[in-house]
Peer 1: 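One structure, as structure tokens, below. Some questions next.
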Amino acid sequence: MRRQPVAARERRSAGEVLGGLLALLALVALAVGVPAALLRFTGSPIPSEAPDASVFTDPLDIESILYVITLGVWLAWLQLVFCLVVELHAGVRGIGVPARVPLAGATQAVVHKLVVAVLLLFTATTAIMPAFTQIQQAQQPYRITQAAAHEELAQHGRHAPGHLERQKVASAPEERDGATAKIYTVQPPHGRHHESLWEIAEKCLGDGRRYKEIFELNKGHVQPDGSHLHKASLIRPGWVMEMPADARNTQIIPKSQLQDYFREGHADPKDAKPRPAPKPEQQKTEDKTLAAPPPAQEEKKPGTQAPRPDRPGEVHAEQRPQQSPAPTPVLEIQPQAPAFPWPEALAGTSLLAAGVLTSLGMRRRAQLSRRRAGQMIARPEDGSALAEQALRIGADTEGVRVLNLGLRQLSQGLAAQKRTPPTVYGVHLGPRTLDLWIAPADENPPSPWEAHDGGQVWRLPTSALASLEASDFADVLAPYPGLISLGTNEGGRVLADLEAAHGLIAVDGPPEQRKAALAAMAVELATNSWSDHMRLTLVGFGDELQQIAPDRIRCLPSLAEALPELEARTAEVRQALQAAGADSVLTGRCRGVFGEAWMPHYLVMADQPSKSDAARLVALARTGQRLSAGYLVAGHVEDATWHWKIDSEGVLDAGVLGFQVEAQRVSESQYHAVAGLFRVAARQEGVPLPAVRPEQPAGAAGDRPAADIRVLGRISVDAPGAVDPNRRDICAEVLVYLATHPGGVHPTVLSGAVWPRGVTAGVRDSTIAMASDWLGRDSRGRPNLYYDERGRLKLGSEVRIDLQHFRFLLWRSAAEPASEAAYLSHALELVRGPLLADRAKGRYSWLAADALEYETVARVVDAAHRLAELRLAEPDPRGAVQAARSGLRLAPDDELLWRDLLRATGATGDRTAVHAVLDDLRGRLDFDLLQPETEALIDELAPRAHARGA
């Protein structure tokens, strides 16, 4: 049960006085008594003469051993004295958390407690700084006094790491006639910690179930980043929450300023002026003011402090007469887990993440094809958006490419030599090589594979695949579709082949850990590209995962329902082997005969099977040969062929395979969030595009911009300043985020977007300072990156942004119908390629939760389609061709634009050009999955095109 906060006592109890005296005696004894005793009984530790080399060769005697022990005691005493000096300095000077003494964890903790007890004897009250006692706070609730809150704020600034998880006490003027309101500012993420309404209700109202009250108070309010609260499960850093009247640990403000806080995150400071982002050397002095420039203030009399409405979440001391001080309030906060914490595990699933995003991209392309003009497709929210962010950070598309092309190239090379691919029981994918552990050993792999360890390992340098494309192996069946990621070790990612077991694989360990590992294997099997068509039966996972790959996954409630189909499939494969005269499924896949027969069927079961079901499954699985099947079950099964075990820390031991790895895991909440991504991608209805604002951007009138940021294609920042090449990518991302949010961004919102897993204020602010230096100043000498009067980061009016210019031209095209085609043509000239092309791996994950991609693709496609229609009506078919190709530069998979291109090319009368377009289309899209409108147009323009494609 939560303890109630209590006010600090003005006088110390007898027990506290006695404890302080005993602590003082203990410190004196340790600091003075110990060396005095050592000198009396053992003498000085410093030898009277320098030792010679015989010290290392003479045998040890009792005297030498005692000397070594004594020397060790002296060293321990010196360490204790150093700890004592550090703790006294921190306590007396009030500098916050004491410095850590190397190799003195337990010693410093003991000295810390003794010093605190002693200092209580010499303080006016018992309100010792909580920052000084922070070592003890890891084991107890936070206890923060008002004075301590001011102290920490003065030392570290409003965004100090300790502030990120602790909302300071706000003691503001008394409420009179409802003239004040209580607010809470949602804090930026810290590590894996993201705040939720439940947590805020726990912290401020004492009961997480009261989160609905906070939701009702704030529903629909426009927040500082321009969005609004519409779901209780979705809040963002920097948002301002109005709180119920009985809330504590909040900031109290005049009610007249409430709307300012909702719109801007701050009150309206009258005297504040924009100022540039600080230089890196100014961080020590400006860190505490970087989030928002403070207004000029008069010096206050002792005992009072003016409210600071420009600092949301900052402490505001109550103005009160000095002669009647109020008791210092004490705040207790117990950290709570957010409703959907940052899915760190998903960010580590490199191959799984790439497969999920590839499958998701295919769904969204189909969704785009159903989109109506003036709409964009729906985007994910809540936990699903966070899950996609993590997937974007971790996705290893190059690793997937290496695995897919490398294995298919191997199968092609062996087929040319009329050889059967070897049994691969393990795979190691490193940064530069792909290794296959094979059995039996073979020292003659096809080029460019190399044999190592006597032929037990076949190695492929990843550089050998640089010139290969997936189209080179379109007719090659995947030789090892049952490869699954077990996890990672110090060298890379380790995979195993389900089919190589020739029997049942049992995964044992804590139920939560083993289910998470099995779920990761299931999701990867369903989405990977090194497999062709497969059947995946899941038992015990619910129905959610079926949404990820309905063509591959079938979810069943029990193993008994799955066994008949599995048994029938095994019989079919045996018959196919006899009919093909093949000795192995690998031979059939390699030679490409009876292709459908070798498509696998795998079972993944989240629960431990009953004894009868396990016996039936073992009998089915133990075939002695590869039969395009694999069986993974949870728990211990006595007769399983392979036994894998995962411990409570997530380390997986693969038993006879000899692998021990950090297991790849996806928890239940995380795979539900991933399934939510596919559920949103299946929506038929679109979302209306927001209206374009008639704001003339920099450079629209032909004047030369001070800097240029381009996002409609390859990311480009053309600025007068210089930037460290090692920090260029992160600085460019900061500038791109600001460029695509022209209304301004609070630093807390920027932190949550660019650093979703959390970042210290110092790192964030130094990055902003470097980006400001890079962007330079405008023609009037003003910084191109500055803080406005409300504390928002903004780009200057002379920074040209191609996306803003594109939107402005769209507005002009709608406002001036007579010049619509000319404005659309100028707008499409700005499109150079896919949005934010060539972005660094793992960066720009905020796009998952932002409307930018969805909105920009829709606007470009609509503009290109409209211009193509206008050009065809003139008629100007070549202009229509150019318009369609302009849109395809950014949206190369949009069938609407491909139809425009085909129609416009056909209108030119050039049959050769039509077939060239069809060849390009065939290289981008699957002819078997085209929309009926596209197929009909192809049949009209080139009746034999489908036959040529086949």
Side-chain angles (χ1 to χ4, degrees), residues 189 191-199 211 230-237 336-364 367 377-395 485 512-513 515-528 538 540-550 552-553 555 604 606 650 663-683 752-753 756-758 842 844-851 853-854:
R192 304 182 186 183
H193 178 85
H194 287 251
E195 285 196 308
S196 64
L197 282 185
W198 181 283
E199 179 186 10
Y211 77 92
H230 64 282
K231 283 190 177 181
S233 57
L234 177 61
I235 59 175
R236 297 178 182 173
Q336 303 288 329
F340 190 82
W342 171 252
E344 188 72 33
L346 285 178
T349 59
S350 56
L351 303 181
L352 180 155
V356 168
L357 292 178
T358 299
S359 298
L360 186 62
M362 294 174 63
R363 297 285 188 86
R364 285 176 175 165
Q367 197 178 19
I377 64 174
R379 58 191 179 96
E381 297 175 342
D382 307 339
S384 291
L386 274 181
E388 186 174 346
Q389 276 191 281
L391 292 170
R392 291 190 183 215
I393 289 174
S485 294
E512 184 178 352
Q513 294 282 12
K515 184 175 183 179
L518 288 166
M521 296 173 188
V523 174
E524 187 176 272
L525 281 170
T527 58
N528 72 57
L538 304 182
F541 292 98
D543 297 331
E544 280 276 285
L545 290 178
Q546 192 160 344
Q547 299 185 48
I548 296 176
R552 286 191 176 189
I553 294 178
C555 295
V604 183
Q664 175 173 276
R665 290 157 290 162
V666 177
S667 68
E668 187 169 0
S669 63
Q670 290 169 0
Y671 71 67
H672 282 309
V674 172
L677 291 170
F678 289 84
R679 186 164 52 249
V680 173
R683 291 182 186 172
R757 287 183 279 189
Y844 298 85
S845 64
W846 48 269
L847 290 170
D850 198 282
E853 275 186 320
Y854 304 87

Peer 1: Taking all atoms of both residues into account, what is the closest heavy-atom pair of V680 and Q367, and its distance?
Peer 2: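 Shortest heavy-atom separation between V680 and Q367 comes out as O-NE2, 3.1 Å.
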Peer 1: Determine all donor-acceptor pairs shorter than 3.5 Å in which one atom belongs to a side chain in residues 351-361; sequence neighbours excluded.
Peer 2:
from, atom 1, to, atom 2, distance (Å)
T358, OG1, A354, O, 2.8
S359, OG, G355, O, 3.2

Peer 1: Considering residues at least two apart in sequence or located in another chain, which fulfil the side chain to side chain donor-acceptor pair (under 3.5 Å) criterion with Y211?
Peer 2: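 Side chain to side chain donor-acceptor pair (under 3.5 Å) check on Y211 returns nothing, list empty.
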Peer 1: Can you give me the closest heavy-atom contact between P380 and Y854, atom names plus distance?
Peer 2: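 Looking at all heavy atoms of both residues, the shortest contact is CD-OH, 3.3 Å.
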Peer 1: By side-chain contact (heavy atoms from CB on, under 4.5 Å), which residues pair with A851, not counting sequence neighbours?
Peer 2: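 A851 satisfies side-chain contact (heavy atoms from CB on, under 4.5 Å) with M376, R379 only.
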Peer 1: Got a sec, which residues hit side chain to side chain donor-acceptor pair (under 3.5 Å) with R363, two or more places apart in sequence or on another chain?
Peer 2: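 So R363 forms no side chain to side chain donor-acceptor pair (under 3.5 Å) with any residue.
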Peer 1: Quick one: closest heavy-atom pair of Q513 and G650, and the distance?
Peer 2: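 Looks like NE2-N, 4.0 Å.
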Peer 1: Taking only residues two or more places apart in sequence or in another chain, which ones pass side chain to side chain donor-acceptor pair (under 3.5 Å) with T349?
Peer 2: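 T349 satisfies side chain to side chain donor-acceptor pair (under 3.5 Å) with no residue once adjacent residues are dropped.
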Peer 1: Determine which pairs satisfy salt bridge (charged side-chain N to carboxylate O under 4.0 Å, His left out) with at least one residue from residues 670-680, sequence neighbours left out, and list them in order.
Peer 2: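 Salt bridge (charged side-chain N to carboxylate O under 4.0 Å, His left out) check on residues 670-680 returns E544-R679.
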Peer 1: At their closest point, which heavy atom of A387 faces which heavy atom of P343, and how far apart are they?
Peer 2: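 Smallest interatomic distance, heavy atoms only, reads CA-CG, 4.0 Å.
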Peer 1: Please name all residues satisfying salt bridge (Lys or Arg N to Asp or Glu O under 4.0 Å) with E524, sequence neighbours left out, ordered by chain then number.
Peer 2: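 For E524 there are no salt bridge (Lys or Arg N to Asp or Glu O under 4.0 Å) partners, ignoring immediate neighbours.
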Peer 1: What pairs with R552 under side-chain contact (heavy atoms from CB on, under 4.5 Å), at least two apart in sequence or on another chain?
Peer 2: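 Once residues adjacent in sequence are excluded, the partners of R552 under the side-chain contact (heavy atoms from CB on, under 4.5 Å) criterion are N528, S531, M534, A549.
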Peer 1: For Y671 versus A519, what's the shortest heavy-atom pair and its separation?
Peer 2: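 For Y671 versus A519, the nearest heavy atoms are CD2-CB, 3.6 Å.
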Peer 1: Kindly write out the residues that satisfy salt bridge (Lys or Arg N to Asp or Glu O under 4.0 Å) with R364, not counting sequence neighbours, or none if the list is empty.
Peer 2: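 Scan of R364 (salt bridge (Lys or Arg N to Asp or Glu O under 4.0 Å), adjacent residues dropped) gives E388.
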Peer 1: Listing request: all salt bridge (charged side-chain N to carboxylate O under 4.0 Å, His left out) pairs with a residue in residues 667-676, at least two apart in sequence or in separate chains.
Peer 2: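 Passing the test, one end in residues 667-676: K515-E668.
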Peer 1: Return the set of residues passing salt bridge (Lys or Arg N to Asp or Glu O under 4.0 Å) with E381 (not counting sequence neighbours), or none when no residue passes.
Peer 2: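 Here the qualifying residues are K231.
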Peer 1: Hey, could you give me the SG/CD distance between C555 and Q547, rounded to the nearest 0.5 Å?
Peer 2: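 The SG atom of C555 sits 9.5 Å away from the CD atom of Q547.
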Peer 1: To the nearest 0.5 angstrom, please state how far the CG atom of L386 sits from the OG atom of S845.
Peer 2: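 Between atom CG of L386 and atom OG of S845 there are 9.5 Å.
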Peer 1: Quick one: CD1 on I393 to OG on S350, what's the gap to the nearest 0.5 Å?
Peer 2: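 Reported value, rounded in 0.5 Å steps: 13.5 Å.
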Peer 1: What distance separates L538 CG from D543 CG, expressed to the nearest 0.5 Å?
Peer 2: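 That separation rounds to 10.0 Å.
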Peer 1: Output the distance between atom OG (S384) and atom NE2 (H672), rounded to the nearest 0.5 Å.
Peer 2: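 It is 11.0 Å, given to the nearest 0.5 Å.
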Peer 1: For G540 and A606, work out which heavy atoms get closest and say how close.
Peer 2: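 G540 and A606 have their closest heavy atoms at O-CB, 3.7 Å.
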Peer 1: Can you list everything that forms a salt bridge (Lys or Arg N to Asp or Glu O under 4.0 Å) with R665? Sequence neighbours excluded, please.
Peer 2: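 For R665 the salt bridge (Lys or Arg N to Asp or Glu O under 4.0 Å) partners, ignoring immediate neighbours, are E662.
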